[in-house]
Amino acid sequence: MLLNDYLQQQQQDHSVPSSLTDVLLSISQACLHINQAVRLGALGNILGSAHTGNVQGEEQKKLDVLANQILINTLTSQPAVAGLASEEEESFVRANQHGEYLVLFDPLDGSSNIDVNISIGTIFSILRKPAGELNTESFLQSGRQQVASGYVLYGPQTILVLTVKHGVAMFTLNQDNKFQLTQDKPIIPVQTAEFAINMSNQRHWQAPMQEYIAELLAGKTGKRGKDFNMRWVASMVAEVHRILVRGGLFTYPQDQRDPSKPGKLRLMYEANPMSLLVEQAQGAATNTQQNILDIQPTGLHQRVAVVLGSKEEVDYLTAKHQHI
Ligand code: AHM
Ligand code: MG
């Protein structure tokens, strides 16, 4: 089944509005353009730095800038879109006056992996536009309010994963350059023996995280009584995809370096859309103090600690944080 047919079925079975499916189709079109650029790499002159910085002072790669522009161009001409917010833009972007939806995105996630040909992705989140004048507050809705979210993974295969809040669907880009349904309603196993964390930050972690990872590393001979395996791709899209396929725990924790930055990942462009997918696949997502989807945002570019994946493992780690 192709993406179009899947979305039509969602309209019929779950009354998903046709305007929402239009937005999702526009996002998928934009991602096909991004995919073409990714596949060409050096031949498309898309590798390397753009020699510019984004709003958060991070160096932008050429592909960050290109992917951002492709999404903005495509979505501002989609009538159902009222406004956009991007990890790469300081303020929101106005689209169509009568649009019903707001689209928030990280155009190119995993930027440090672009030049070395390791999986990268695009992450998106869709909210309803509240009534009245469009302003920054219109976007500051909790993750629970999302009507859809998803990502496109530019890996060995190009894969689109989305939810319209009736389970998760995974599509693989076929030879005709169309997204074809390859897995419907994946379920994340509740238990796991695999974790993902950037170990180089260990000295900065808070005590509960130190204790938790030490238990995992102790393996069979430690408190947990089993061996754990570790993965770290440094592309959240690839990590979440692995967890949707075979389970696991992913965390980018808050650490002691800068108290004004609770974590590296962004609530609106990364944590919320991924948490919705994980929850729709029966996993869990938390900042260790509350469900990520219940956080009331205070800023477009706000950061958050993230723990997500197999439910029992997320609950185990969360319990360790209850006494700090
Ligand atoms: P980006 O949006 O600038 O690419 O940063 C987000 C990425 C995530 O995909 C990934 O989990 C994390 O940053 C990796 O960070 P680190 O390089 O510190 O391991
Ligand atoms: Mg990014």
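For the numbers below, each heavy atom of this structure counts, side chains included, while hydrogens, waters and symmetry mates do not. Numbering of ligands and ligand atoms starts at 1, following listing order.
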query: Can we say Lys226 and Glu215 salt-bridge, meaning some charged N sits less than 4.0 Å from an Asp/Glu carboxylate O?
result: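 Salt bridge: no.
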
message: So if I count the atoms of ligand 1 from 1 in the order they appear, which ones are less than 4.0 Å from some heavy atom of Arg266?
response: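 That gives atoms 1 (P), 2 (O), 3 (O), 5 (O), 6 (C) of ligand 1.
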
- prompt: By number and element, which atoms of ligand 1 are closer than 4.0 Å to a non-hydrogen atom of Asp106?
  reply: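 The atoms of ligand 1 under 4.0 Å from a heavy atom of Asp106 are 2 (O).
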
query: Between Gln78 and Ala80, is there a donor-acceptor pair closer than 3.5 Å when you use the side chain of the first and the backbone of the second?
result: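 Yes; judged by distance alone, with no hydrogens or angles, the pair exists.
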
task: Return yes when Glu239 approaches ligand 1 closer than 4.0 angstrom through a heavy atom, no otherwise.
output: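 No; Glu239 lies far enough from ligand 1 that no heavy-atom distance drops under 4.0 Å.
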
message: Using heavy atoms and a 4.0 Å limit, tell me yes or no: is Ala234 in contact with ligand 1?
response: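 Contact check Ala234 vs ligand 1: positive.
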
query: Which one of Tyr252, Phe250, Tyr269, Trp232 has a non-hydrogen atom at the shortest distance from atom 18 (O) of ligand 1?
result: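 That would be Tyr252.
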
- request: Measure from atom 8 (C) of ligand 1 to every heavy atom in Met236, Met274, Lys264 and give the option owning the shortest one.
  value: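 The nearest heavy atom belongs to Met236.
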
query: Between Glu270 and ligand 1, does any nitrogen or oxygen pair lie at a separation below 3.5 Å?
result: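 Between Glu270 and ligand 1, an N or O pair is found under 3.5 Å apart.
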
Distance-only N or O hit between ligand 1 and Leu265, under 3.5 Å: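 Such a contact does not occur with ligand 1.
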
- prompt: Is the Tyr212 ring parallel, tilted or perpendicular to the Tyr316 ring (thresholds 30°, 60°)?
  reply: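 Tyr212 and Tyr316: tilted rings.
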
- prompt: For ligand 1, does Ser111 get within less than 4.0 Å through its side chain, its backbone, both, or neither, judged by non-hydrogen atoms?
  reply: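 Answer for Ser111: both.
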
